[in-house]
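A short write-up of the structure that comes next.
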Amino acid sequence: MTELSAHLPQFQHGQLTENFPDNHLSNTNDNSERRRHDNSERRRNDNAESETNGQPQNNMQQVVEQDEEEDEELTLKYGAKHVIMLFVPVTLCMVVVVATIKSVSFYTRKDGQLIYTPFTEETETVGQRALNSILNAAIMISVIIVMTILLVVLYKYRCYKVIHGWLIISSLLLLFFFSFIYLGEVFKTYNVAMDYITVALMIWNFGVVGMICIHWKGPLRLQQAYLIMISALMALVFIKYLPEWTAWLILAVISVYDLVAVLCPKGPLRMLVETAQERNETLFPALIYSSTMIWLVNMAEEDPEAQRKTSKNSTYDKQAPANQTQNEGAEADDGGFSQEWQQQRDNRIGPIESTPESRAAVQALPSNSQTSEDPEERGVKLGLGDFIFYSVLVGKASATASGDWNTTLACFVAILIGLCLTLLLLAIFKKALPALPISITFGLVFYFATDNLVQPFMDQLAFHQFYI
Amino acid sequence: DPLRIIILIAGAFFWLVSLLLSSLIWFIAVKTSDSGDEPLQKGLLIFGVMLSVLLQEAFRFLYYKLLRKATEGLVALSEDGCSPISIQQMAYVAGVGFGLMSGAFSMINLLADALGPGTVGIHGDSQLYFLTSAFMTMVLIFLHTFWGILFFHGCEHRRWWEITAVIVMHLAVSGSTFCNPLYVGSLVPSYLLMATAAAWAYLLSGGSAQNLRRFLLCK
């Protein structure tokens, strides 16, 4: 499931799911099953005259099998294209994060920590540091779990307004406040003189267009660009405010959590996806990166889950809840961090626009028109939380590794390969899959291995100018 | 073409894994030895280089096996019974993947350092360090590409001598870099080997002198 948690410290779950048109076998969705049977029934009725008593069952089964085969062929055929459609945005996000980390020193400067990671890592002993980072990670993860469960509960009880408001506040914060800080730091780095009026105009335009694109309608490329930008901003915040050991631990624990939450029958993300599928609703399109967006209008209109991720700074958070009651404070805290984004990891292959009208239209089509739907229109979806955590990994690698560019490059390739494998598994299993575990595992393994093993080797080779 | 990009990245990944394994073994060897003994350290480094070359070729073979299996899958899935990408194209892309990753790992830290202030060879080392590194990296990238084609062709047609030739060439090129900073001993043989490998790969891919002439005369 993709969790959209517009609130802060929610974690993100990456999920890969495929939504094929209902004629095809893809999800374990009851609706699609029913529709497939409906179509099969129709076919059977059509062939009723030519069948004997024993035949109908076989024919129906054969027809269903043929559907499945054709479905699989189409899936795997366009699998490579889907992979590239995800490679490009993930690469762009990582490039933006690495470029910023390398040039703007603000994001590598230690300016305190978030309230979600209260224990400091500047301790005297290694054991103390390890303990502190474990505690930090535990706190962060529990906040994320609480946020996810809260989101699922809100969604289940149809509190769409609350979720909607949550998301809007989150994206407002991200698009205006964080980009203002980013712009300020970039100007400082390059020593560009700028007045407040120009900055206000720029940020206002950037933010308003971003809100419109993400939550309402807009050109697809612009929406994708905005989603990549806010993922990068969120990742930069994480890189800045999470101390080292805590960051690695959080990455590791979050991929385990992602695995559990998406695949276990009682996992919150899985429940979220299943509920959304039962209600035939799309899941929070504002927090999912989609490579194709056809029925944007429908989606925007009937999608109550337009969520926004708000990630607030911990410092900002401290000030905000000060004057609020406990309940409000909790909500404001929730909305502070990028967890909303993080909860939203959802990978789906297939058009997101599986609106009731579209499904009705598909159902009404005769059975052999299932291949008339252009497979090229199928897009891929990846939750923004995945973008964020991939970028956090690569950004941290470029910020703190001794092997520097080698480590960054190694993590980059590892993450891309993990994504490729995840998409391959998606093509095979055709149900919601977490996008984090494989990539993050590869990324972590390659980070530590390259930093500690490969870097001394390459260093020595470069010193003597040997080539391998 | 998306399939080629995936094969490229996967090739880079395989090279990376081979480097990881070889540096792991080197690291263990260094840690269990006397770090003050200079000739020993250099000897271990040379051993590491040779081992790395052998492991790279081993992983190239593993990648070939993987691509073979993938081709069968692609053929089974395609409509007209033939794979959308031929094994020769895969060989080329795999070679480029290996080469790009090898070049990137060799060069990128140098490039990053070159952006900053400094004087090349101020402590008495060669002043041509950056230049020769660049040329050596370039020749290695080309060589990896050609070796990819040669290697896959050898595996495909069961010609073991082609495979051994690739391994020997790789060992020779890496070995020639041991005489750096005597650059004439490393760059010249490497470029000659590259020309040989280029011609051989060109002939194996179906090219001929006639094709070349026609291409050059724009017929």
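None of the values given here were measured: they were computed from a predicted structure. Side chains are part of it too, since the values below use all heavy atoms of this structure and drop only hydrogens, waters and symmetry mates. Throughout, a chain's letter reflects where its sequence line sits, starting with A, and its residues are numbered from 1.
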Measure B:S186 against the heavy atoms of chain A and call it side chain, backbone, both or neither at under 4.5 Å.
neither
Segment of B:F14 engaging chain A (4.5 angstrom heavy-atom cut-off):
neither
Please check this pair: side chain of B:T177 against backbone of A:Y467, looking for a donor-acceptor N/O pair closer than 3.5 Å.
yes
Of all the heavy-atom pairs spanning A:I468 and B:Q56, show the shortest one and how long it is.
C-NE2, 3.7 Å
Structural part of B:M101 lying under 4.5 Å from a heavy atom of chain A
side chain
Do other residues, nucleotides or ligands put more than 12 heavy atoms under 6.0 Å from the CD atom of B:Q127?
no
Quick check on A:D459 against chain B: is it the side chain, the backbone, both or neither that has a heavy atom closer than 4.5 Å?
neither
Heavy atoms of A:F463 and B:Y129 approach each other most closely as N-OH, 4.4 Å
From A:Q460 atom CD to B:L44 atom CG, the distance as rounded to the nearest 0.5 Å
10.5 Å
Checked A:I417, A:V413, A:L461 vs chain B; the most non-hydrogen pairs under 4.5 Å come from A:I417
Is there side-chain contact between B:V30 and A:F457, with heavy atoms separated by less than 4.5 Å?
no
Hey, which of B:G73, B:A12, B:S106 has the most heavy atom pairs under 4.5 Å with chain A?
B:S106
Could you check whether atom OH of B:Y64 has more than 12 heavy atoms from other residues, nucleotides or ligands sitting under 6.0 Å from it?
yes
For the CG atom of B:D1 and the NZ atom of A:K81, what is their distance to the nearest 0.5 Å?
11.0 Å
Given heavy-atom pairs under 4.5 angstrom as the criterion, report whether the side chain, backbone, both or neither of B:L3 touches chain A.
both
Tell me whether A:R109 at atom CZ has more than 12 heavy atoms from other residues, nucleotides or ligands lying less than 6.0 Å away.
yes
Test item: side-chain donor near acceptor, B:S133 and A:Q465, under 3.5 Å:
yes
When you look at OH of B:Y92, are more than 12 heavy atoms from neighbouring residues, nucleotides or ligands closer to it than 6.0 Å?
no
Tightest non-hydrogen contact, residues A:A80 and B:P2, listed as O-CB, 3.5 Å
For B:F135, is the CZ atom crowded, meaning more than 12 foreign heavy atoms sit under 6.0 Å from it?
no
So CG of A:D404 and CD1 of B:I108: to nearest 0.5 Å the spacing works out to 9.5 Å
Between B:F178 and A:F466 (judged by ring centroids, cut-off 6.0 Å), do the two rings come close enough to count as a pair?
yes
For B:F105 against A:A410, the heavy-atom pair lying closest together:
CZ-CB, 4.0 Å
Considering only heavy atoms, which portion of A:L453 lies under 4.5 Å from any heavy atom of chain B: side chain, backbone, both, or neither?
both
Once rounded to the nearest 0.5 Å, what's the spacing between atom CG of A:N406 and atom CG of B:N109?
4.5 Å
Determine the option with the most heavy-atom pairs under 4.5 angstrom with chain A, choosing from B:V53, B:L45, B:D125.
B:L45
Considering only heavy atoms and a distance below 4.5 Å, find which of B:S22, B:S52, B:S176 pairs most often with chain A.
B:S52
Scored by heavy-atom pairs under 4.5 Å with chain B, the best of A:T450, A:L416, A:N452, A:I84 is A:I84
Kindly check if the number of other-residue, nucleotide or ligand heavy atoms within 6.0 Å of CG (B:L115) is above 12?
yes
Taking C-beta and beyond as the side chain, do B:I9 and A:C420 meet within less than 4.5 Å on heavy atoms?
no
